[in-house]
Every structure is written in structure tokens, then in C-alpha cells.
Amino acid sequence: LTAMVSSALSTSVLAADMTVGFSQVGSESGWRSAETNVAKSEAQKRGITLKIADGQQKQENQIKAVRSFIAQGVDAIFIAPVVQTGWEPVLEEAKDAKIPVFLLDRAIVVKDKSLYMAVVTADNVLEGKLIGDWLVKTVADKKCNVVELQGTVGASVAIDRKKGFAEAIAGHDNIKVIRSQSGDFTRSKGKEVMESFIKAENNGKNICMVYAHNDDMAIGAIQAIKEAGLKPGKDILTGSIDGVPDIYKAMLAGEANANVELTPNMAGPAFDALEKFKKDGTMPPKIIKTESKLYLPDSAQAQLDTKKGMGY
Ligand code: AHR
């Protein structure tokens, strides 16, 4: 990184001359599409050329895209890493080419942290904990069987959101996670997995709450609950993460209960840090944290209103 800093100091690239390659996960969720849209508008605002490669939820596609950005000699690379392991070789290549790398919304596990400049992310353990704390308060000492729809297997956010929820309900013996499976962060898989949970649990009658690692899976689950003749939000409570417009609409309809908002503006803080670094070598903090807040139905309309112009 010292070499990177001195090269930044000597070249001092203007934003208008910069090209950034963005290896995006895919378009698995409404939140993901909004993140892509916000990245485009944040780049445009700054006069930065942004090249986006859709990884279609596959790490091998993302690695290929990063290699191609390196070959093109871009000024920086943004990666939203689909899974948290297996990034060392390609990041070594970027480092050798003196191209700074920023991680967006998901973290990675590497021994050598100098392989990337910074990660812009929420505290995903806290997100899971906020939903868990809400459930503990809501059910008090009533028995509550939870089914969990996990995000993509191996994704840092899925691991952390699972952990945070488990921490919050630990010691509350009336609350149990009775089933937990990946719905890959998509609406269709969320629905499919929820259907199988409902079938296995006395047509849903044994289920008190569905905890989904993102809103799209929760919306799929809501559909499955309705099709089973039950009332989402009442017979089966819901808690999920993202804050996409459809979840606030579901809250307004009484079909969803608790939500933690995740900003889709991950690129903005990364561009800010990149511009500072290119200007005078300022090193950003390793973790650039975005806010995580719980919203309940009473604030759903206000939240829905704030989503206009946010890339959705
Ligand atoms: O990494 C962020 C997560 O990825 C979002 O919560 C989810 O919707 C997306 O697929």
C-alpha cells in the first residue's frame, strides 16, 4: 500500500479522468438493483466513468470481471463479493497492478488486509440482533417457533445476520429456530423454501415467525403464507432486512412486522474515499460503516416516502 500511496501522490488523478470497474454480485434482490442504480448516479454526479460487470451470483464470474478490469488498467475496482472467501489470488493481482480495491456491502476473509483499501458495509450482526431483540420484546414469554430464510451460503452478510439473531434470542427458551435454510436472497427461492417449511410444520400452524435475511425472501414467504390460507403479519410474524418499497407496502397492509433498513448507497462513501486517496494519499478507515435502524409499521409510510429517488 505504501507504493500505492506514493503513486497516488505523484499522479493525483482528477475524478473526471477516473474509470472505476465495479464487479457487482448480480440482480438477485430489489435492494441489489437499487445499489447498482445509486452507484451509476453517484459516478455520474462526480464525472467518474463506471464500468459494471454483473456476476450473476457467481464468484468465478466476479473474479473474471476483476481480471478484465486489471487488464484494462482502471483507476480503481469496486467489488461486492458474493462470498467471503477465495479472493486472495485476484486481489494480489490488483495489488501488483497498483489498483486500489474497495469492497461494497459484503466483507471478505483474508489474512492480509492490505489487499483492499476499505469495506463499506453495515454492521450485519447488529441488523440480525435488532430483529431478534424486537421478537423477544414482542412475544414476551409466549412460545415462538421461528423459521429462518438465510441469504446466499458463504456470504458474509448471511453469516452475520444469522449470528446476530441467534445472539439476541439466546437465553430466551420460549423462542426457538426450528428450521433454517438458504433462499439465496431471492423472492422465488424465499417463497419455495417457505412453502416447504409450512408443509413440514403442520401447514404453518407450528410457525410463529419467519426471519428472512432480506426483504425479497420475506415477500416470497408472505406469498407462501397467504397461499397456505394463513395471515402473514398475524398468524406468522415477519422480520427482515433491506427496506425495499414492497416491504413497507406489506407493513401498511398489515402483512409484515419488523424491518431493518440497509442503505443502497454503498458506492457514494467508496467514491468519496477513493477521491481523497487519489488527491493526496489519504487512507480511509478500513471499515466505513453505514447505519442500521429498525422500523415498525407505524413508520412504514414515512419510510416509503424516503425511498423515492433512492434507486428503487
Ligand atoms: O449484501 C447485501 C444483501 O445482498 C442485501 O441485504 C440483499 O438484498 C442482497 O442480495
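Numbering starts at 1 and runs along the sequence shown. This is a predicted model, so every value here is computed, not measured. Both counts, for ligands and for their atoms, begin at 1 and track the order of listing.
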Check ligand 1 for close polar pairs with the protein: N or O on both sides, less than 3.5 Å.
residue	atom	partner	partner atom	Å
ligand 1	1 (O)	Arg32	NH2	3.3
ligand 1	1 (O)	Asp105	OD1	2.5
ligand 1	1 (O)	Arg106	NE	2.8
ligand 1	4 (O)	Arg32	NH2	2.9
ligand 1	4 (O)	Arg106	NH2	2.9
ligand 1	6 (O)	Arg161	NH1	2.9
ligand 1	6 (O)	Arg161	NH2	3.2
ligand 1	6 (O)	Asp242	OD1	2.6
ligand 1	8 (O)	Ser29	OG	2.9
ligand 1	8 (O)	Asn214	ND2	2.9
ligand 1	8 (O)	Asp242	OD2	2.6
ligand 1	10 (O)	Glu28	OE2	2.4
ligand 1	10 (O)	Ser29	OG	3.3

field: Sub-6.0 Å ring centroid separation between Phe271 and Phe78
entry: yes
- prompt: Roughly how far, to the nearest 0.5 Å, is the CD atom of Glu261 from the CD atom of Glu291?
  reply: 8.0 Å
- prompt: If only atom types and distance count, is the side chain of Trp31 paired as donor or acceptor with the main-chain N or O of Leu262 below 3.5 Å?
  reply: yes
message: For Gln84, run the side-chain contact (heavy atoms from CB on, under 4.5 Å) check against Val109, Leu103, Val110 and tell me which one passes.
response: Val109
- prompt: Below 4.0 angstrom, N of the basic side chain to O of the carboxylate: do Glu195 and Lys191 qualify?
  reply: yes
- request: May I ask you to establish whether Lys95 and Tyr116 are in a cation-pi arrangement, using a distance under 6.0 Å from NZ or CZ to the six-membered ring centre and at most 45° from the ring axis?
  value: no
